[in-house]
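For reference, the structure discussed in these notes is given below.
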Number of protein chains: 4
Amino acid sequence: MVKKPAPDATRRSQRSRRAIYEAALALVVEEGYPRTTVEGIAARAGVGKQTIYRWWSSKADVLLEAFLDLGEQAARQAGYEPYSVPDTGDLAADLKAVLRATVDELVDPRFEAPWRALAAEGLVDEQLGREFVAKLLEPQLDLYARRLRAAQAAGAVRPDVDPRIGLELFVSPLAQRWLQRTAPISHAYTDTLVDYALYGLAPR
Amino acid sequence: MVKKPAPDATRRSQRSRRAIYEAALALVVEEGYPRTTVEGIAARAGVGKQTIYRWWSSKADVLLEAFLDLGEQAARQAGYEPYSVPDTGDLAADLKAVLRATVDELVDPRFEAPWRALAAEGLVDEQLGREFVAKLLEPQLDLYARRLRAAQAAGAVRPDVDPRIGLELFVSPLAQRWLQRTAPISHAYTDTLVDYALYGLAPR
Amino acid sequence: MVKKPAPDATRRSQRSRRAIYEAALALVVEEGYPRTTVEGIAARAGVGKQTIYRWWSSKADVLLEAFLDLGEQAARQAGYEPYSVPDTGDLAADLKAVLRATVDELVDPRFEAPWRALAAEGLVDEQLGREFVAKLLEPQLDLYARRLRAAQAAGAVRPDVDPRIGLELFVSPLAQRWLQRTAPISHAYTDTLVDYALYGLAPR
Amino acid sequence: MVKKPAPDATRRSQRSRRAIYEAALALVVEEGYPRTTVEGIAARAGVGKQTIYRWWSSKADVLLEAFLDLGEQAARQAGYEPYSVPDTGDLAADLKAVLRATVDELVDPRFEAPWRALAAEGLVDEQLGREFVAKLLEPQLDLYARRLRAAQAAGAVRPDVDPRIGLELFVSPLAQRWLQRTAPISHAYTDTLVDYALYGLAPR
DNA sequence: GGATAAGCGAGACGGTACGTCCTGTCTTCAC
DNA sequence: GTGAAGACAGGACGTACCGTCTCGCTTATCC
C-alpha cells in the first residue's frame, strides 16, 4: 500500500490554521452545518482547499478541532480550570449550581451550533463519534464522577453506587432534552433532576 | 409567493410508496445514511425521482415515514399493542423487563441504522427533529409516564414526583449511552439504572 | 406488432383543436420555440396532454398544423387566392412586386417565429422537413414556376431554361439571407436579385 | 449583477478540450443532434460535466467550436489554403469546379450532421446564428466574392454587379436544396446554376 | 332512453437530461 | 515544500419535460 508521506507539521502555517478554525465556526453558526462546505471554509479563510485536506480528513474533523480550540481559548481567558464541579460539602447544591451554569451556556448559539453539528455527525460516523465523546464529553463527565466519589467519601452517596452511572441520572436527561428538544430546559428542571437523582422516586 | 399545487393524494401509487419505503430502509442499512441518496432510492425502488420529491421534501423525510411505516407493520404483525409497559404491581421489575427488551432491540441493525440517522438529522434540522420526537419518541415516553402515574396511585412513587421527569432518569441515560456510545449498554446496566432512579443515590 | 387503434376522428373536439393551435402559435411567438413545451401548450389550451399526443406526434407536428391552419384562415379572410404571382406581361415587374410583398411579410413576428422554428426542425428531422417543404414551401415555389413557364410561352424567358431551377436564382438568396441572417433584406435587394437573375452577371 | 469569475484559460486542459470535440462530433454523427446531450458528451470524453459548462454555454456552442476545429485540422493536413476558388481565367469553369467539389463534400456524413445541426440551431438562436455565419459561412462566401471581383476586372462580369449579391445566385440555391431538401443536388445542377447566373434567364 | 364506449381534462408515473454545487485530487506558481 | 488558487473527474442535487398511463366526467351514438 502506498501511503502519502505525512506532511511536515513543523512547517505548518499557524496563520492558516487559525483562519480555518474561525471560518469553520463562523460558517456553522451563520449558515448551519449542512450548508457549511469545505470550499466555503477555504474561501472564507483565504486558504486553498488543499491546505484543509492536508491536515484534516473531513469538515466534521475541522469543526471538531476548531471547537476544541475554542474551548481551550475560552479556558485560557477564564484563567484556566474553567469547568469543574465545586465542592462546598453540599452535594445537591454543588450539582445544581453547575447544572444551572450549563443550562445557561447551552443557549449560546456560538456554542450550540457546532456542538449540535458534531453530536449529530458523531451519531452516524462512529469514528468521529468516539473522538467527540473522548475529547469533549468524557472530560466533562469525569468532573461529575470525581465529585460523586468525593461525596461517597463524605457519606453523602451510598458507597455501592457506581459514580459513572450515577451521574447519568441528571446529566443524560438534560442532554437529551436539549439535543433532541424533547422538552424545554430550565434551572427549575435541573434542580428537580438533582433532587430526584439523589433521593429517588420511591417514597422514603 | 408561488405555491405549487398540492398533488392529488387519492391518485397516489401505493405500489411506489411501498417500494420507496423498502428501498430507503434497505439502503440505509446496507450503505449507511450519508451514502444513501435520493437518486439511489429512486433507482432501487424503480421509481422516478420526481415521485419522491412530489411526496417528500428530503431523504430524511422519506426515511422518517418509512421507519414509521415499518413500526406500524411490525405492530400489526405482533397483533397490536406492540410497545407497552406491563403492570404486574412490581414497578422496578416491570421497568427492568421493558428496558431489557429495549436493549435487545437496540442492537438490531434494521432498527439501529435508520433510528441513528433520523436522530442525527433531527439534532441539526429542528423541524425534522420535532417531527421525530413527536412521532417516534414521545409515544414511547408516554408509556413510561403512564406506568409511573399508576405507580403513584399505588403508592410506589412519591406523589409529588413529575412522571415526565422521573422517567428520564432511566430512559435518557440508556438513550445517551446507545446514541453517543459513551459506554456500553447491557441488562445489568439498565437494571442498575432502575434501582438508582427509584431509590436515589443518597443513603436511605 | 400491436398497433394502437387509430382514434375516431369524427368524435374529435374541434374546440380543443383550435385552442391547441392558438396556444402553440402564441407560445412560440411569446416564448420562442425551444421554451415552448407540449405541457405548456396543453396548459394554455386548457387541454389534457393526452389530447395532444392522441392527434400529433411531436410539438413540431402540432406547430406545423397550427401554422398551416393559420395560413388557411388568412387565405379565407383575404377572399381566397392569397398568394399568387400576377401576370401583367412584364415578368420583371411581376416578380419584383411579389418579392417586395414577401419581404414585408417576413418581418411579421407572428409569421417569423413559427416559420423559423419549423424550418430549423426540418433541417435536422428529415421526415418533418419533407412535410414542411411539401406543404409550405413547394406550393409557393410552384407559383413562381408557373409564372416562369408563362414567360417562356411569351418569349421573355429562354425556352431551354428549367423554371424550377430558374426561380431559385431569386427565391433562394432571399430565403438564405432571411433565415440565416447572412445579410439584411430590402425591396432594393430583391429588385436587384430579379434583375441579375433575368439578365445574368456576364456582360451582354 | 453577480458575475462569475472567468476561468483561467492558461490552465485549461487541452487533453479534455480535444476529447470533448471528438466526442461531440462523433455523437452528432452517430446519434443525431437532438439525441446528443451534454451529459453524453462528457461521459464519452471521460470528462466532468462542469468542465464543459466551464468553457461553453451550450451543446450548440461546443459543437460549433468542435466543427471549426475540425475544419482547421483538415486545413492543416491539406497544407493550408484549403478552400479557395481557382482563377484559370474561365469564370464559369472555375465556379463549376468549386461547386462540384462542394456537392461532393456535402454528402459526407462527418460534415453533414454537424453542419445541419448548427445551421438549424442558428435559425432559432440568433446569437449562435450570427456566430455560425461569421465563422463558417462568411469566409466561404468571401472567396466567391473575390473571384467575382477578379472577373469584373477581367471584364467577364458587368462592372455594376454587386459581387456579394451575384454570388448568391448560385450559392443560395445549392444551400437551400441541400439544407431544406427541396430537390436533389448534382454536378449537373450546379453547372446549370452557374450558366443561368452568368447569362440570365432572359433571351440574349 | 339506457347502455356503452370514446374523447376529454387532469395529472401521477418512470424516465432522461438539465445546469449547479460540492467533493477530494491534482497541478501550477509564488514565497 | 507549504500554501493560495483553481481546474479537473465524478456524482448528487432538485427541476423541467417527455411520453404513457389511469382516473372520472362528459357526450354521442347504437341497441
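Sequence lines set the chain letters: A, B, ... in the order given, protein chains first and strands last, and positions in each chain run from 1. The structure displayed is predicted, hence computed values, not measured ones.
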Check whether any side-chain heavy atom of [X] sits under 4.5 Å from a side-chain heavy atom of [Y], and report yes or no.
| X | Y | answer |
| --- | --- | --- |
| D:Asp69 | D:Arg18 | yes |
| D:Phe67 | D:Leu70 | yes |
| B:Leu63 | B:Tyr33 | yes |

| query | If you fit an axis to the five pairs at each end of the helix from E:dG1-F:dC31 to E:dC31-F:dG1, how big is the angle between those two axes, to 10 degrees? | reply |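 For the helix from E:dG1-F:dC31 to E:dC31-F:dG1, the axes at opposite ends meet at about 10°.
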| Test log, rule side chain to side chain contact (heavy atoms under 4.5 Å, CB included), inputs B:Leu136 and B:Leu64 | CA-CA 9 Å; B:Leu136 275 171; B:Leu64 177 56; 3.8 Å; yes
| Under the side-chain hydrogen bond (donor to acceptor under 3.5 Å, both in side chains) test, which residues partner D:Glu65, sequence neighbours left out? |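 Scan of D:Glu65 (side-chain hydrogen bond (donor to acceptor under 3.5 Å, both in side chains), adjacent residues dropped) gives D:Tyr21, D:Trp56.
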| request: Applying side-chain hydrogen bond (donor to acceptor under 3.5 Å, both in side chains), name anything that partners A:Arg110, two or more places apart in sequence or on another chain. | output: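 None.
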| said: Return a single string for nucleotides 8-14 of chain F, one symbol per nucleotide in 5' to 3' order, where B is base contact, S is sugar-phosphate-only contact and - is none, cutoff 4.0 angstrom on heavy atoms. | reply: BBB-BBB
Starting at atom [atom1] of [X], determine the distance to atom [atom2] of [N], rounded to an integer number of angstrom.
| X | N | atom1 | atom2 | result |
| --- | --- | --- | --- | --- |
| A:Ile41 | E:dC22 | CD1 | P | 12 Å |
| C:Ile20 | E:dA10 | CD1 | C1' | 14 Å |
| A:Asp61 | E:dG24 | CG | P | 11 Å |
| B:Asp8 | F:dC21 | CG | C1' | 15 Å |

Taking only distance into account, with no hydrogens and no angle test, what donor-acceptor pairs under 3.5 Å do side-chain atoms of residues 41-55 of chain A form with protein atoms, sequence neighbours excluded?
{"from": "A:Arg44", "atom 1": "NH1", "to": "A:Glu30", "atom 2": "OE1", "distance (Å)": "3.0"}
{"from": "A:Arg44", "atom 1": "NH2", "to": "A:Glu30", "atom 2": "OE2", "distance (Å)": "3.1"}
{"from": "A:Lys49", "atom 1": "NZ", "to": "A:Glu39", "atom 2": "OE2", "distance (Å)": "3.1"}

| said: C:Glu112: which residues meet the salt bridge (charged side-chain N to carboxylate O under 4.0 Å, His left out) condition with it, sequence neighbours left out? | reply: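 C:Glu112: salt bridge (charged side-chain N to carboxylate O under 4.0 Å, His left out) contacts with C:Arg116.
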